Amino acid sequence: MSDLLREELARVAALLGEGDVEFTLERPRDPSHGDFATNLAMQLARRMRGNPRALAERVVAALQLPTGMLEATEIAGPGFINFRLAAGTLAADHARILAEAERYGRSDGGAGQRVNVEFVSANPTGPLHVGHGRGAAQGDAIAALLEWTGHEVTREFYINDAGVQIDRVGQSLWARVQQAVGREAAIPEGGYHGTYLVESARELLAREGAAFADLPEAEGVARCRAAALVMQRTEQDATLAEFGVRFDVMSSEQRVYDDGKVAAALDRLAAAGLTYEQDGALWLRTSSYGDEKDRVLRKQDGSYTYFVPDIAYHLDKHGRGFDRVIDVWGADHHGYIPRVRGALVALGIPAAWFEVSLVQLVKVVRGGDEVKMSKRSGEFVTLRDLFEETGVDAARYWFLMRRGDSHLVFDIELATAHTDENPVYYVQMAHARMTGIFRTAGREPAAVAGPIDLGVLTDQDRELLQRLTAFPEAVARAARDLQPHQVTTYLEELARLVHGWYHGCRVLGEPAAVEHARLLLARAARQVLANGLTLLGVSAPDRM
RNA sequence: GCCUCCGUAGCUCAGCUGGAUAGAGCACCGGUUUCCUAAACUGGGGGUCGCAGGUUCAAGUCCUGCCGGGGGCACCA
């Protein structure tokens, strides 16, 4: 419904010679302001130097909408145009919810656009931690939002399996192997102290035999490196699968090297005259493309910085034909954005092609006491630890509750509490209650059909229905902003209305016409709650 | 020092590309259960939107400066 209104308002604006004017069409908080309100007249007044209310009159006079769609159009305040939908329009929206069912909320604004969403992309140096969990939830939800708005989405994970960090894991594991057979061995400088490597060492010895520890050091470290890579990747994949996150493509940094893409990228940069030698290193002129300084590509020792494969990898993604690429990164990498974008822009790729969604790091507390996380020290809460304690639903929902770029305090005690302080229970409960009505009635929700008669219902019923019909807009906006928390906010507001309606509007046992209309409303509410939760990767239980 | 994000009720946070009287949850003080799940509903108190300027018919929202907090400023990833 909002689409139709918006299009018509845009047409009228064009008619007045201001086709490119920006305006909002929103659902006012105050019900006395109607179902929709636009600031179009005020925006026109600014450009045309006219009186907003007079312009509003002209806009209203020029509107050509289907007869019977609106009950009233009012000009109010400084020049708002308020629209009140006719009961028939609302009933038609309700029918649409039931007809589209699990597809209700989808739209096609992104049709024809191919988008790559890369997220988690953890180093294969250890188990996933809580920060990766937030990135996983965020990336998966962003991907889902884009799918819901018609985009063709690829979920991708980039494995940083070529750097010096992997070498250190190999050395650290070798040391653990030596310790496991009773020898003195120290974790090397900058190595990994996590106890998970102790288990890896035990596993490795069990598989390879005790003689494995007697290998020459160089070979032992190399084999530990390879083994650690496989074991950590296996563990990460299993964790993500249990967390409900699936990837379409797993890319490997080592593969980017092996396929010659690093060399090709360097050639391309050099051919474009973007590189130069200085102090024995090879530099890229990123400062000419928005970065604050030039960056090193090849170090004095001849090896490449991680920057080079990253450029090659993004060029590869570009070559695969994506219209947009969205990387979900931890906020501690935000300083890295200008140089990657700079390198891509230098090679002629539009700056807007490469987008980054930053997620701030997560602070984990348990009943007020902070849980310290450090891979090096080995004391940390893994993602698996977390969701095994809270459940996947609570963890995923919690990670999505806040804007990605604001800090998140994850209180394990609160997230495991089965109380109304826990928003995921609140929203899921609303769904369970709607289902409960049908269970008590002994009917399947899908068996209750037909047009809804709003004439037998109250303002509270109507308010709930209005909120339900706002779902597609909420999804579209969240997708536009790449902000899944807008969906959780919507769901919590909806759940509040649902719980209130449940108490204020009795369904079963009311006069037949009322009962039927409310069952239809309950069915629609159940559908929208389920769709919202499903979109976020959270289950919608029928009973709790 | 430079860059960047954040600063809204006691606490945790929304606030829709500037719009109508700044909202919600928790906490606090009250009320509700012969009734589809009280894991719920409902009434109330509580705000110089960090501070100071500026732009605008209109600023929590945009600009400048300052204060406070996180993060980043590697030939680590």
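None of the values given here were measured: they were computed from a predicted structure. Order of the sequence lines fixes the chain letters, A, B, ..., with proteins taken first and strands second; residue numbering starts at 1 for each chain.
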Tell me what [X] touches on the nucleic acid: a base, only sugar-phosphate, or nothing, going by heavy atoms under 4.0 Å.
X: A/Ala432; answer: base
X: A/Gln43; answer: base
X: A/Glu292; answer: sugar-phosphate
X: A/Ala441; answer: nothing
X: A/Arg477; answer: base
X: A/Val507; answer: base
X: A/Arg543; answer: base
X: A/Asn160; answer: sugar-phosphate
X: A/Ala522; answer: nothing
X: A/Asp279; answer: base

Roughly how many Å apart are [M] and [N], using the [atom1] atom of each and rounding to a whole number?
N: B/rC11; M: B/rU32; atom1: P; result: 32 Å
N: B/rC63; M: B/rC26; atom1: P; result: 35 Å
N: B/rA22; M: B/rA58; atom1: C1'; result: 15 Å
N: B/rC66; M: B/rC2; atom1: P; result: 8 Å
N: B/rC5; M: B/rU64; atom1: P; result: 11 Å
N: B/rG65; M: B/rU4; atom1: P; result: 10 Å
N: B/rC28; M: B/rU17; atom1: C1'; result: 38 Å
N: B/rU33; M: B/rC49; atom1: C1'; result: 40 Å

Per the atom types in the model, does the base of [N] pair as donor or acceptor with the side chain of [X] at under 3.5 Å?
X: A/His334; N: B/rG71; value: yes
X: A/Arg403; N: B/rG15; value: no
X: A/Asn82; N: B/rA20; value: yes

Spacing between [X] atom [atom1] and [N] atom [atom2], to the nearest angstrom:
X: A/His503; N: B/rA39; atom1: NE2; atom2: C1'; result: 11 Å
X: A/Ile81; N: B/rA20; atom1: CD1; atom2: C1'; result: 14 Å
X: A/Leu497; N: B/rA24; atom1: CG; atom2: P; result: 12 Å
X: A/Gln486; N: B/rA14; atom1: CD; atom2: P; result: 10 Å
X: A/Arg53; N: B/rA20; atom1: CZ; atom2: P; result: 15 Å
X: A/Asn51; N: B/rA58; atom1: CG; atom2: C1'; result: 14 Å
X: A/Asp291; N: B/rU4; atom1: CG; atom2: P; result: 13 Å
X: A/Asp481; N: B/rU61; atom1: CG; atom2: C1'; result: 14 Å

Heavy-atom check, side chain of [X] versus side chain of [Y], under 4.5 Å:
X: A/Phe23; Y: A/Leu44; result: no
X: A/Leu173; Y: A/Gln232; result: no
X: A/Leu519; Y: A/Leu508; result: yes

Answer yes when [X] and [Y] have at least one side-chain N-carboxylate O distance shorter than 4.0 Å, and no when they do not.
X: A/Arg341; Y: A/Asp327; result: no
X: A/Asp20; Y: A/Arg47; result: yes
X: A/Lys317; Y: A/Glu118; result: yes

Considering only side-chain heavy atoms of [X], which listed nucleotide, [options], is closest?
X: A/Glu22; options: B/rA38, B/rU17, B/rC36; value: B/rU17
X: A/Val296; options: B/rU37, B/rC75, B/rC76; value: B/rC75
X: A/His33; options: B/rA20, B/rC36, B/rA14; value: B/rA20
X: A/Tyr502; options: B/rA20, B/rC75, B/rA38; value: B/rA38
X: A/Glu26; options: B/rA14, B/rG18, B/rC16; value: B/rC16
X: A/Ala37; options: B/rA58, B/rC6, B/rA20; value: B/rA20
X: A/Met544; options: B/rC75, B/rU37, B/rC13; value: B/rU37
X: A/Thr440; options: B/rC36, B/rC75, B/rG72; value: B/rC36
X: A/Arg480; options: B/rC16, B/rA58, B/rG71; value: B/rC16

Inset, instruction - Give RNA chain B the dot-bracket treatment, 5' to 3': Watson-Crick (N1-N3 with N6-O4 or O6-N4) or G-U (N1-O2, O6-N3) under 3.5 Å, [ ] crossing, | other strand. - result: (((((((..((((.....[...)))).(((((.......))))).....(((((..]....))))))))))))....

Does [X] have a side-chain nitrogen or oxygen under 4.0 Å from the phosphate oxygens OP1 or OP2 of [N]?
X: A/Tyr426; N: B/rC41; answer: yes
X: A/Lys299; N: B/rC76; answer: yes
X: A/Arg496; N: B/rA14; answer: no

Legend entry - Test item: A/Thr382 side-chain N/O and A/Val130 main-chain N/O as donor-acceptor pair under 3.5 Å: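 No, because the side chain of A/Thr382 does not come within donor-acceptor range (under 3.5 Å) of the backbone of A/Val130.
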
Inset, instruction - Answer yes or no: is there a donor N or O on one side and an acceptor on the other, between the side chain of A/Gln171 and the main chain of A/Ile166, under 3.5 Å? - result: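 Flag not set: sc A/Gln171 to bb A/Ile166 has no pair under 3.5 Å.
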
Inset, instruction - For A/Thr305 and for A/Ile437, locate the closest nucleotide of RNA chain B by heavy-atom distance; then report the residue assigned to the nucleotide nearer the 5' terminus. - result: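 So the residue in question is A/Ile437.
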
Inset, instruction - Report the residue (A/Ala331 or A/His485) whose heavy-atom-nearest nucleotide on RNA chain B is the more 5′ of the two. - result: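 Nearest-nucleotide comparison on RNA chain B picks A/His485.
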
Inset, instruction - Give a yes/no verdict on a cation-pi contact between A/Arg295 and A/Phe307, requiring under 6.0 Å between NZ or CZ and the six-membered ring centre and an angle within 45° of the axis. - result: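 Checked: cation-pi criterion not met.
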
Legend entry - Greater than 12 external heavy atoms within 6.0 Å of A/Arg324's CZ: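 Yes, because the 6.0 Å sphere around CZ of A/Arg324 holds more than 12 heavy atoms from other groups.
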
Inset, instruction - Determine the minimum heavy-atom distance between A/Val359 and A/Gly135, stating which atoms define it. - result: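 Looks like CG2-CA, 4.3 Å.
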
